[in-house]
Amino acid sequence: MESYQIKHMIIDDDFEGDPSVTAEFTYDDKDYSVTFHKTDLELMNSWLFASDTTLPANLPDAMIESLREDIKKKM
């Protein structure tokens with residue numbers, strides 16, 4: 001798997017009542033955003049930013065797990 005680079009990370013303790021963590025990152029020259037529940041880092045959503053639109057992202061499980069580990073280290 002190619003590497004990714006986390007650009008921004010937002011920890012939101014008031015997101016719709018559930019604390020969340022959102023990470024924006026670049027992978028394969030594309031920009032993505034993933035949001036996890038803060039308490040257990042369960043995936044809430046993932047998005048691909050393409051041209052003038054945002055699409056649901058279909059990321060490999062290995063990448064999601066790697067992102068979880070990186071976020072744990074940064075929190």
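One-based numbering along the sequence shown.
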| Given the rule in the side-chain contact (heavy atoms from CB on, under 4.5 Å) test, do Val21 and Ile10 qualify, once you have shown the distances and angles that lead to the verdict? | CA-CA 6 Å; Val21 178; Ile10 301 167; over 6 Å; no
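- Here the straight-line distance linking atom CZ of Phe25 with atom OG of Ser46 works out to 7.5 Å at 0.5 Å rounding.
- Considering OG of Ser66 and CG of Leu59, their distance stands at 11.5 Å, rounded to 0.5 Å.
- Rounded to the nearest 0.5 Å, atoms CG (Leu67) and CE (Met9) are 11.0 Å apart.
- Here CG of Asp13 is found 11.0 Å from CG of Asp18. Values are rounded to the nearest 0.5 Å.
- The salt bridge (charged side-chain N to carboxylate O under 4.0 Å, His left out) analysis of residues 43-69, with sequence neighbours excluded, yields the pairs Glu65-Arg68, Glu69-Lys72.
- Legend: residues meeting side chain to side chain contact (heavy atoms under 4.5 Å, CB included) with Gln5, ordered by chain and number and at least two apart, are absent.
- Residues Ser33 and Glu24 meet the side-chain proximity criterion, which asks for heavy atoms closer than 4.5 Å.
- Contact check for Leu41 versus Ile71: side-chain heavy atoms found under the 4.5 Å cut-off.
- Partners of Asp31 under the side-chain hydrogen bond (donor to acceptor under 3.5 Å, both in side chains) rule, at least two apart in sequence or in another chain, are Lys7, Thr26.
- At a threshold of 4.5 Å between side-chain heavy atoms, the hydrophobic network of Ile, Leu, Val, Met, Phe, Trp and Tyr places Phe49 and Tyr27 in two separate groups.
- Annotation: ring-ring contact (aromatic ring centres under 6.0 Å, His included) contacts of Phe36 (sequence neighbours excluded): none.
- Going from atom CG of Leu55 over to atom CG of Leu48 covers 5.5 Å, rounded to the nearest 0.5 Å.
- The side-chain hydrogen bond (donor to acceptor under 3.5 Å, both in side chains) test applied to Thr22 returns Thr35, not counting sequence neighbours.
- Asp40 meets the side chain to side chain contact (heavy atoms under 4.5 Å, CB included) test with His37, Glu42; sequence neighbours excluded.
- With Tyr4 contributing its side chain and Tyr32 its backbone, the two residues share no donor-acceptor pair below 3.5 Å.
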